[in-house]
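Model, not experiment: these values are computed from the prediction. Just follow the structure's listing: the first ligand is 1, and inside any ligand the first atom is 1.
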Amino acid sequence: MKLNGAQYRSVWREPDGAIRIFDQTLLPWRVEILRLTDAHQVAEAISTMRVRGAPLIGAVAAFGLALSLREDASDAAMDATATMLAATRPTAINLRWALDMMLAGLRNQPRDDRVAIAERIAQDIADDDVETNRKIGEHTLPLIQAHAAKPGPVNILTHCNAGWLATVDYGTALSGIFQAHDSGIPVHVWVDETRPRNQGALLTAFELSGHGVAHTIIADNAGGHLMQRGQVDLVIVGTDRVTRNGDVANKIGTYLKALAAKDNGVPFHVACPHSTIDWRIAQGADIPIEERDEREITDVTGQAPDGVIARLRVAAPGSPAANPAFDVTPARLVTSIVTERGVAAASEAGLLGLYPERKAS
Ligand code: MRU
């Protein structure tokens with residue numbers, strides 16, 4: 001993606017192995033690029049959500065593991081670092097997937113070769129994510145185009161942030177929206193603010209503005225009302241884990257949007273790279289749901305009129321809060337799952353139709 005006229009990815013590696021990321025806790029107010037030089041800094045960046053989004057945390061963790069091997073390439077150190085990185089966030093399977101790819105490629109290799117091998121695999125994971133998301137966009141395009149014959153723009157609702165900031169580049173849910181816009185289809189995006197951390201209002205809106213895509217930020221509770229009024233043509237969201245039967249974990253609140261979409265006959269599409277499908281889990285009820293700090297509910301972070309980024313309490317003093325960060329949308333509410341290989345029904349048969357090699361697994 002382009003930022004201030006320059007081409008960037010959301011993560012990249014420097015010749016000495018250090019990793020560069022955007023500090024997403026400061027966006028959209030300040031664009032600050034961080035340099036991470038050891039795996040502990042990488043783990044901190046993931047758990048505090050300086051980097052976030054399922055595919056991105058997988059790629060960043062892979063680079064982080066590669067970085068740690070420069071200090072100690074023994075099996076024991078490698079396993080301990082992978083365990084530490086995997087523990088940073090539990091719901092997005094991409095994190096575990098990327099670390100498993102790294103460990104599988106490194107396990108039986110001589111210690112002296114491990115840094116070079118790890119850096120190559122991590123780079124492959126990042127490059128694959130970019131190409132995967134570009135293809136997801138290509139497969140999403142006809143789903144958007146199908147609504148373009150009517151007067152006015154195609155109105156798409158999205159939840160959370162599944163644009164380039166959540167991936168290495170392009171995004172998943174937003175990839176097709178960017179491609180539709182670039183190909184001249186008039187699109188307008190309803191952006192759920194996505195409490196508690198407001199990834200929609202802050203990050204998705206920032207990305208859409210940067211690309212010149214028309215959009216409107218709405219309260220999380222507004223989607224159902226807009227659907228009843230015929231103001232949403234389709235919903236496109238990303239996902240943190242899809243189970244074998246097509247159940248979809250995504251940012252908290254996604255399930256309610258899917259219910260409203262079903263009730264109003266609005267197609268509900270899920271953009272999902274191969275790295276997000278968890279073939280080992282049969283159904284969504286078995287997905288671990290991240291519980292985050294209650295201060296994300298009781299407080300909000302924003303920019304004060306004097307430009308200072310500040311945190312403000314918005315809840316009654318002393319009241320406790322609960323903060324489940326993801327929910328599971330059952331497959332029966334999902335119209336389709338869009339992957340880099342094409343569009344599938346949200347079911348085991350649908351997914352296996354695109355990934356026949358997984359039949360035995
Ligand atoms: O908690 P976050 O900000 O990491 O959650 C991100 C989401 O829920 C995204 O929608 C999801 O990771 C899909 S990203 C392409």
How does [X] reach ligand 1, by side chain, by backbone, by both or by neither, if only non-hydrogen atoms under 4.0 Å count?
{"X": "Pro55", "result": "side chain"}
{"X": "Asn161", "result": "backbone"}
{"X": "Lys251", "result": "both"}
{"X": "Thr239", "result": "backbone"}

Under 3.5 Å donor-acceptor, Asn323 side chain and Asp293 backbone: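 Yes; judged by distance alone, with no hydrogens or angles, the pair exists.
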
Under 3.5 Å: N/O of Cys160 near N/O of ligand 1: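 In fact, backbone or side chain, Cys160 has no N or O that close.
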
Thr167 N/O under 3.5 Å from ligand 1 N/O: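 It does not: no N or O of Thr167 is found under 3.5 Å from an N or O of ligand 1.
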
Is it true that [X] and [Y] make a salt bridge, defined as a side-chain N closer than 4.0 Å to a carboxylate O?
{"X": "Asp278", "Y": "Arg96", "value": "no"}
{"X": "Arg341", "Y": "Glu357", "value": "yes"}
{"X": "Lys257", "Y": "Asp327", "value": "no"}
{"X": "Arg134", "Y": "Glu131", "value": "yes"}
{"X": "Asp240", "Y": "Arg52", "value": "no"}
{"X": "Arg9", "Y": "Asp127", "value": "yes"}
{"X": "Glu32", "Y": "Arg50", "value": "no"}

Tell me: protein heavy atom nearest [atom], and distance?
{"atom": "atom 10 (O) of ligand 1", "value": "Asn250 OD1, 2.9 Å"}
{"atom": "atom 14 (S) of ligand 1", "value": "Ala166 CB, 3.7 Å"}
{"atom": "atom 3 (O) of ligand 1", "value": "Arg52 NE, 2.6 Å"}
{"atom": "atom 11 (C) of ligand 1", "value": "Asp240 OD1, 3.0 Å"}
{"atom": "atom 15 (C) of ligand 1", "value": "Thr172 OG1, 3.0 Å"}

Aromatic centroids of Phe178 and Trp164 separated by under 6.0 Å: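 No - the distance between ring centres of Trp164 and Phe178 does not fall below the 6.0 Å cut-off.
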
Whether Ala325 lies under 4.0 Å from ligand 1, heavy atom: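 It does not, in that no heavy atom of Ala325 comes within the 4.0 Å cut-off of ligand 1.
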
Sub-4.0 Å heavy-atom approach of Ala92 to ligand 1: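 No; Ala92 lies far enough from ligand 1 that no heavy-atom distance drops under 4.0 Å.
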
Closest to atom 4 (O) of ligand 1 (judged by heavy-atom distance), picking from Arg89, Met49, Arg197, Gln24: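 Answer by nearest heavy atom: Arg89.
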
Aromatic Phe326 / basic Lys251 pairing, under 6.0 angstrom, 45° off normal: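 Pair Lys251/Phe326 counts as cation-pi.
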
For [X], the ligand 1 atoms whose distance to one of its heavy atoms is below 4.0 Å:
{"X": "Gly53", "result": "4 (O), 12 (O)"}
{"X": "Ala54", "result": "12 (O), 14 (S)"}
{"X": "Phe326", "result": "1 (O), 5 (O), 8 (O)"}
{"X": "Gln199", "result": "1 (O), 2 (P), 3 (O)"}

Residue pair Leu143 / His147: nearest heavy atoms and the distance that separates them: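 That closest heavy-atom pairing would be O-CD2, 3.2 Å.
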
